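Structure record follows, encoded as structure tokens.
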Amino acid sequence: MSKRPPLLPDPSSSTDRRPPPPKRPRLQAQVPQFLAGTTVHIVPAKLSDSALAHLCCLAESHGARLVPIPQRADVVLTAVSAPKRLERHLPLSEAGKRWVLSTQWLEDSAALGEGRPCEEYLALKGLRPASRAGTPALTTSAPSTAPSTPAPEPVSPKPANAKPPPPAPGTSGRTTNDEEIPLNFTTPWPLPNSRYACKRRTPLYTPNEELLRSLAVIMRSRELEGEDRSALSYARGISVLKAYPRRITSVSQIHSLPGVGPKITSLVAQYLDTSAIPESSTILASARFQALEELTKVHSVGSTTARALYARGVTNVHEMREWVAMGNGGEVLRMALEIHEDLMIRIPRAEVELIAARVQKALDAVLPGCMHTICGGHRRGKPTSGDVDIIFTHREQGKEQGLVEKLVNYLSNDGFITHIFGVMHPGHNPFSSSSHTRSKVRPAHPSSHFDTLSKALVVCLLPPSEGGAGLHRRVDLICAPRDVYWCAVVGWSGSKQFERDLRLWAKQEILPAHGRLGRGIKFDSSGLTRLRDTQPIYVDSEKQVFELLGLEYVPPRLRNADM
DNA sequence: AAAATG
DNA sequence: ATTTTGA
DNA sequence: AAAAAC
């Protein structure tokens with residue numbers, strides 16, 4: 001089918017990819033499996049993230065296998081009804097080979113417990129598969145399992161020293177196939193009892209989404225108003241409620257959860273009473289909140305800038321454009337506004353992976369021996385991403401020096417990178433006027449991976465001829481030296497609350513090391529350091545990072561600790 | 001806003 | 001009652 | 001000084 005004969009895994013492109021899933025998890029409950037063995041693609045366009053999430057859950061729970069591109073699907077579901085617009089999301093030549101249905105088909109079928117007749121739900125009048133008949137549920141050819149991606153595991157560049165981890169996980173025994181990790185809660189699930197998000201398992205989809213969304217509005221308002229202590233408390237409360245595996249029906253259930261105090265308890269009580277939180281509704285309806293929310297969506301505009309703009313009467317992006325046209329704002333803001341419409345559109349998984357493949361190709365051209373991992377929300381299983389976070393390294397420590405520039409140059413000449421928001425380097429502050437300003441290049445006390453790794457914040461454009469959507473996409477290219485690569489991957493995989501609590505855990509529970517055995521480790525940007533002799537620890541896998549921190553491994557899909 | 005610390 | 005909350 | 005970044 002696709003280009004590749006089964007060869008050796010390409011050692012240079014170590015995506016965080018997994019082998020084709022030979023076995024279906026047998027965990028499906030008593031849900032009617034009318035989609036068993038069917039591949040389904042859901043067109044993200046016009047769907048809110050939560051609607052998309054809902055549909056994904058629905059499809060998977062009825063036995064479907066979700067695929068990232070319409071070409072590989074038996075059934076395509078879409079909320080788009082305009083022919084012109086639909087054409088942008090799947091080529092009509094492809095559309096004629098499979099059922100293209102309204103998302104309502106899934107809703108109705110799930111409610112009924114069996115596949116409804118496809119004819120009644122055609123997304124486009126008269127657009128039905130040429131050769132196939134009947135409902136998609138039955139028959140169907142062998143699931144199109146085009147693996148298309150070899151590389152079973154990030155073939156870690158060869159370990160310099162440091163003996164490999166215990167024998168078990170060595171060869172092919174990778175017990176955690178990322179795609180097998182569910183995106184929602186499964187049968188037995190522990191109640192959240194830890195105050196650290198990194199000691200909880202938090203899937204993407206959760207039974208109390210509505211409540212959490214209401215609480216998140218208040219949190220967001222606190223952020224926008226600069227009340228960040230308060231915002232942090234909401235983040236913690238929301239995080240622990242998100243890890244709660246059952247529908248909350250009474251405040252008694254959440255009474256002893258860490259991070260839930262009197263205020264949040266009372267808000268939950270109000271929600272249970274009235275299906276809404278008055279404070280949340282008020283905020284949502286307020287002109288100020290709406291304005292600040294819209295303004296901060298523009299890249300480089302944070303809450304402080306948004307409040308300042310609002311005070312000057314700028315309440316929407318249109319007025320911001322006028323304000324910039326009068327000579328205000330800087331270069332980055334000007335660029336951001338130019339492509340703002342594009343940047344508002346979320347990126348489907350398939351395109352994220354195409355973008356990463358393009359970056360790997362450039363790395364191969366610029367410096368053979370590199371590998372990368374796609375991090376961020378994509379790695380945590382989100383159906384769409386706001387940007388693409390790619391972290392890369394070279395198998396030989398030190399060879400990565402200067403790589404960010406080379407990569408950015410190459411991709412700019414290629415025309416793939418269209419805008420550069422910034423290229424940062426550790427210890428080389430672009431602002432410093434060279435002479436006496438620098439007190440010290442590396443602060444004595446830890447900074448985060450954000451300051452210490454070379455990175456480029458850019459905008460790319462993948463044309464439709466190469467499988468892209470023809471839209472500008474935000475991409476973060478982060479370069480890590482080999483010895484801190486896996487620390488960086490952990491650091492950039494999020495979620496934000498998960499990262500906060502990783503650090504807090506390391507500080508509170510590892511650093512003291514009073515009498516503890518085998519502990520005494522500093523976890524920060526520059527990786528893991530043993531405090532006894534300040535020896536950096538060479539880490540060879542993500543699991544090892546958790547191990548060294550005394551934590552149970554949490555797969556990326558269970559790190560969705562924030563909203 | 002909540003929890004840890006003194 | 002005061003400090004910490006991710007760096 | 002603010003924002004970005006998870």
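Excluded from the calculations below are hydrogen atoms, water molecules and symmetry mates; all remaining heavy atoms, backbone and side chain alike, are included. None of these values were measured; they are calculated from a predicted model. First the proteins, then the strands, lettered A, B, ... as listed; each starts at 1.
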Original post:
Reckon Arg222(A) touches a base, only the sugar-phosphate, or nothing at all at heavy-atom distances under 4.0 Å?
Top reply: nothing
**OP:** Take atom CG of Leu257(A) and atom C1' of dA1(B), then tell me their distance rounded to the nearest Å.
**Re:** 16 Å
Original post:
Sub-3.5 Å donor-acceptor pair from the side chain of Ser541(A) to the main-chain atoms of Gln544(A), do we have one?
Top reply: yes
Can you check nucleotides 2-5 of chain C for protein contacts, nitrogen or oxygen pairs under 3.5 Å, and list what you find?
from	atom 1	to	atom 2	distance (Å)
dT5(C)	OP1	Lys507(A)	NZ	2.9

Original post:
With no hydrogens and no angle check, do the side chains of Arg200(A) and Ser239(A) hold a donor and an acceptor under 3.5 Å apart?
Top reply: yes
Original post:
When you look for runs of 3 or more Watson-Crick or G-U pairs in a row, both distances below 3.5 Å, which of them include DNA chain D?
Top reply: none
**OP:** Pick the P atom in dT4(C) and in dC6(D), then give their distance to the nearest Å.
**Re:** 29 Å
Original post:
Given atom CG of Leu337(A) and atom C1' of dA3(D), what is their separation to the nearest angstrom?
Top reply: 15 Å
Original post:
Got a sec, which pairs hit salt bridge (Lys or Arg N to Asp or Glu O under 4.0 Å) with one end in residues 290-316 of chain A, sequence neighbours left out?
Top reply: Arg220(A)-Glu293(A)
Original post:
For Val489(A), does its backbone N or O pair with a side-chain atom of Thr373(A) as donor and acceptor, under 3.5 Å?
Top reply: no
Original post:
Under 4.0 angstrom, heavy atoms only, what part of the nucleic acid is Ile264(A) near: base, sugar-phosphate, or nothing?
Top reply: sugar-phosphate
Subject >> d(CD, Glu225(A); C1', dA1(B)) in whole Å >> reply: 16 Å
Original post:
For Lys496(A), which contact category applies under a 4.0 Å heavy-atom criterion: base, sugar-phosphate, or nothing?
Top reply: base
**OP:** Go through dA2(B), dC6(D), dA3(B) for me and flag the one nearest to the Arg195(A) side chain.
**Re:** dA3(B)
Original post:
dA2(B) P sits how many Å from Lys263(A) NZ, rounded?
Top reply: 8 Å
**OP:** Please work out if Asp228(A) contacts a base, only the sugar-phosphate, or nothing of the nucleic acid, heavy-atom cut-off 4.0 Å.
**Re:** nothing
Original post:
Looking for any heavy atom pair under 4.0 Å, which part of the strands does Asp501(A) touch: base, sugar-phosphate only, or nothing?
Top reply: nothing
**OP:** Could you identify which residues of residues 281-301 of chain A place a heavy atom less than 4.0 Å from some atom of DNA chain C, listed by residue number, or say none?
**Re:** none
Original post:
Base, sugar-phosphate, or nothing: which does Phe421(A) touch, judged by heavy atoms less than 4.0 Å apart?
Top reply: nothing
Original post:
To the nearest angstrom, how far is Leu549(A) atom CG from dG6(C) atom P?
Top reply: 16 Å
Original post:
Is it the case that Gln290(A) and Ser286(A) place a side-chain donor and acceptor less than 3.5 Å from each other?
Top reply: no
Subject >> Spatial distance of atom CG (Leu462(A)) from atom OG1 (Thr418(A)) [nearest 0.5 Å] >> reply: 11.5 Å
Subject >> Donor + acceptor pair across side chains of Glu210(A), Tyr271(A) (<3.5 Å) >> reply: yes
Original post:
Looking only at side chains, do Gln401(A) and His394(A) share a donor and an acceptor under 3.5 Å apart?
Top reply: no
**OP:** Nearest whole angstrom, please: distance from the P of dA3(D) to the NZ of Lys455(A).
**Re:** 17 Å
**OP:** Give a yes/no on whether any side-chain N or O of Arg379(A) is located under 4.0 angstrom from OP1 or OP2 of dC6(D).
**Re:** no
**OP:** Could you list the residues that satisfy side-chain hydrogen bond (donor to acceptor under 3.5 Å, both in side chains) with Asn208(A), not counting sequence neighbours?
**Re:** none
Original post:
Atom CD of Glu223(A) and atom C1' of dA3(D): how far apart are they, to the nearest Å?
Top reply: 14 Å
**OP:** Take atom CG of Leu333(A) and atom C1' of dA2(D), then tell me their distance rounded to the nearest Å.
**Re:** 13 Å
Subject >> Pair listing, salt bridge (Lys or Arg N to Asp or Glu O under 4.0 Å) test, anchored in residues 315-336 of chain A, at least two apart >> reply: Glu331(A)-Arg334(A), Arg334(A)-Glu338(A)
Original post:
Stepwise, does the side-chain contact (heavy atoms from CB on, under 4.5 Å) test hold for His378(A) with Thr384(A)?
Top reply: CA-CA 7 Å; His378(A) 181 269; Thr384(A) 64; over 6 Å; no
**OP:** Just call it for Arg559(A): base, sugar-phosphate, or nothing, with non-hydrogen atoms closer than 4.0 Å on any strand.
**Re:** nothing
Original post:
Any chance the side chains of Glu542(A) and Tyr553(A) put a donor and an acceptor closer than 3.5 Å?
Top reply: yes
Subject >> Side chain proximity check, Glu225(A) to Ser303(A), heavy atoms < 4.5 angstrom >> reply: no
